[in-house]
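Only one structure is covered here, and it is reproduced in the block below.
The structure presented is a predicted model; accordingly, all values stated were derived computationally and were not measured. Every chain is numbered from 1 and lettered A, B, ... according to where its sequence line falls, protein lines coming before strand lines.
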There are 2 protein chains.
Amino acid sequence: MTGYELTKAFDRSVNFVWHAVQGQIYPELSRLAAQGLIRQTSTGPRGAKRFETTEEGIAELRRWITTVEPTRGTRNETLLRMFFAYLVDPADAEVFLCREADEYRRQLAILERFAAGPRPKTPSERASGLTVDAGIRANKARIEWAEAAINEVRTW
Amino acid sequence: MTGYELTKAFDRSVNFVWHAVQGQIYPELSRLAAQGLIRQTSTGPRGAKRFETTEEGIAELRRWITTVEPTRGTRNETLLRMFFAYLVDPADAEVFLCREADEYRRQLAILERFAAGPRPKTPSERASGLTVDAGIRANKARIEWAEAAINEVRTW
DNA sequence: GTCCGCATGTAATACGTTACATGATTCC
DNA sequence: GGAATCATGTAACGTATTACATGCGGAC
C-alpha cells in the first residue's frame with residue numbers, strides 16, 4: 001500500500017484494532033524501509049510510493065506474533081472517568097453513560113455490517129473475521145455494562 | 001498519596017483501568033502541583049511527600065469527566081496479532097490464543113475476588129465497583145471469544 | 001551491620017499528536 | 001479554471017518507557 005492508502009485504512013476498518021494518524025505513517029514507512037522490513041515497489045501518479053513487505057518483514061511479523069508477549073497495560077478513558085464518577089452529579093454520570101452506550105451501539109452496528117458481508121474465503125479474511133467477532137462481543141458486553149451502570153447510577 | 005503509594009497502586013488494582021510506571025509518577029506529581037491541581041500536605045519518613053487534591057484539581061477532574069469526549073482510538077495488541085494470524089502456523093495461533101485465554105481467566109479471577117468482597121458502602125466504592133463490573137464483563141466476553149477462536153483456528 | 005523495602009528523582013530515548021506546508025491529478 | 005481529492009513530508013510539542021542513581025529506615 002501507499003502511505004495515503006494506509007492513512008485511509010486506519011481512518012476506516014483497521015481503526016477498531018489499531019489506530020494511527022497520518023503524521024505517523026510516513027516516518028514509520030521510512031523506518032521500516034531502512035530496516036529492510038518493507039520495500040518500495042513502484043512510484044505512481046503524484047509521486048505515490050507503493051510499498052510491500054519483504055521476506056524479512058514477514059519473518060519479523062511472525063516472530064512478533066508468536067514470541068513477543070502482548071503488552072497488557074490498559075488505558076481505558078471511559079473506565080477512568082467511571083472510577084471518579086462519584087465526584088459528579090449522578091445525572092451527569094447518567095448522561096455520560098448514555099453517550100457511551102450510543103457509541104458502543106454505533107461501533108457494534110459497523111462491525112455487524114462487516115460480519116453480515118460475504119463469508120470469508122481467504123486465510124486473511126478468516127483472520128480479520130476473528131477480530132470482527134472480538135469487536136462484536138466486546139461491544140455487546142460494553143452495551144450491557146453501560147445499561148446496568150445507568151440503572152445503578154439512577155439509585156445514587 | 002505519595003508517589004511510591006501511587007506506583008504500587010498502579011502495579012495492583014488500578015492497573016486494569018489505567019496503567020502508569022514509576023518513571024512517570026514523580027514528574028507528573030510535580031506538574032500537577034505546579035498547576036495547583038494537587039498540593040503537598042506533609043513530609044514523612046525517608047523524605048516521603050504526601051499529596052492531596054485541591055478544590056481546583058477536583059473541579060478540573062469534574063470538568064474532564066463531563067465535558068471532554070473520551071478518546072476512542074483503540075490499540076489492541078492481541079487483535080493486531082490475530083489480524084495477521086493467517087501468516088503463522090495454525091498450531092502457533094492456537095498456542096497464542098490459549099495463552100490469551102489463560103490471561104483473561106486470571107484477570108477475571110482477580111476481578112471476581114474484588115466483587116466478592118464486602119458490599120460497597122461509600123460513593124467511591126460504588127463507582128469503582130462499576131469499573132470492576134466492566135472488567136468482569138469484558139473478560140468473560142474475551143474468554144468466550146478466545147474459546148470460539150481456538151475452535152476456528154483448529155479448522156485452518 | 002546487612003538486607004529489604006520504602007522513597008524519590010532524572011537522563012536518554014522513543015513514540016504519538018497536532019498543525020502546518022506543499023504540490024499533482026482528476027473531475028466538472 | 002476551480003474544487004476536491006490524492007499524496008507526501010516534517011517541525012514542534014507532549015507523553016511514555018527504560019534504565020540508572022541514590023539514600024533512608026526498620027528488622028533481625
Closest non-hydrogen atom pair, A/R99 against B/T66
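Scanning both residues completely, I find the closest heavy atoms to be NH2-O, 3.5 Å.
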
Identify which nucleotide among D/dT17, D/dG26, D/dT8 has an atom closest to any side-chain atom of B/R46, counting heavy atoms from C-beta outward.
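Of all the options, the side chain of B/R46 is nearest to D/dG26.
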
Between [atom2] of [N] and [atom1] of [X], the distance in whole Å:
{"X": "B/L29", "N": "D/dA16", "atom1": "CG", "atom2": "C1'", "result": "15 Å"}
{"X": "B/Q22", "N": "D/dA16", "atom1": "CD", "atom2": "C1'", "result": "13 Å"}
{"X": "A/E5", "N": "D/dC6", "atom1": "CD", "atom2": "P", "result": "10 Å"}
{"X": "A/Q24", "N": "D/dA11", "atom1": "CD", "atom2": "C1'", "result": "16 Å"}

Between the side chains of B/E100 and B/T78, does any donor sit under 3.5 Å from an acceptor?
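A donor-acceptor contact under 3.5 Å links the two side chains.
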
Using a distance-only test with no angle check, is there a side-chain donor-acceptor pair under 3.5 angstrom linking B/T43 and B/Q40?
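Side chains of B/T43 and B/Q40: pair found under 3.5 Å.
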
From the options B/D102, B/I150, B/N151, B/D92, select the one residue that forms a side-chain contact (heavy atoms from CB on, under 4.5 Å) with B/L97.
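Of the listed residues B/D102, B/I150, B/N151, B/D92, the side-chain contact (heavy atoms from CB on, under 4.5 Å) partner of B/L97 is B/I150.
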
Partner of B/F83 by side-chain contact (heavy atoms from CB on, under 4.5 Å), out of A/L130, A/I65, A/T131
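Considering A/L130, A/I65, A/T131, a side-chain contact (heavy atoms from CB on, under 4.5 Å) with B/F83 is found only for A/T131.
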
Any sub-3.5 Å donor-acceptor pair from [X]'s side-chain atoms to [Y]'s backbone N or O?
{"X": "B/T54", "Y": "B/G36", "answer": "yes"}
{"X": "B/T41", "Y": "B/R50", "answer": "yes"}
{"X": "A/E125", "Y": "A/T122", "answer": "yes"}

Within the structure shown, what part of the strands sits under 4.0 Å from A/T7 by heavy-atom distance: base, sugar-phosphate, or nothing?
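No contact.
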
Classify B/G23 by what it touches in the nucleic acid, base, sugar-phosphate, or nothing, heavy-atom distance under 4.0 Å.
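Result for B/G23 = base.
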
Does a side-chain N or O of B/H19 approach OP1 or OP2 of D/dT17 to a distance below 4.0 Å, or not?
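Yes.
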
Criterion side-chain hydrogen bond (donor to acceptor under 3.5 Å, both in side chains) on A/T71 and B/E77, from CA distance to verdict
CA-CA 7 Å; A/T71 303; B/E77 283 206 5; 3.2 Å; yes

Of all nucleotides in DNA chain C with an atom under 4.0 Å from a non-hydrogen atom of chain A, which is the first and which the last going 5' to 3'?
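Both ends considered, the range comes out as C/dG16 to C/dT26.
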
Just to be sure I understand the geometry, which residues of residues 56-82 of chain A put a non-hydrogen atom under 4.0 Å away from DNA chain C?
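Within residues 56-82 of chain A, no residue comes under 4.0 Å of DNA chain C.
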
Between A/W18 and B/T2, which has a closest nucleotide on DNA chain C that is more 5'?
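Closer to the 5' end of DNA chain C: B/T2.
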
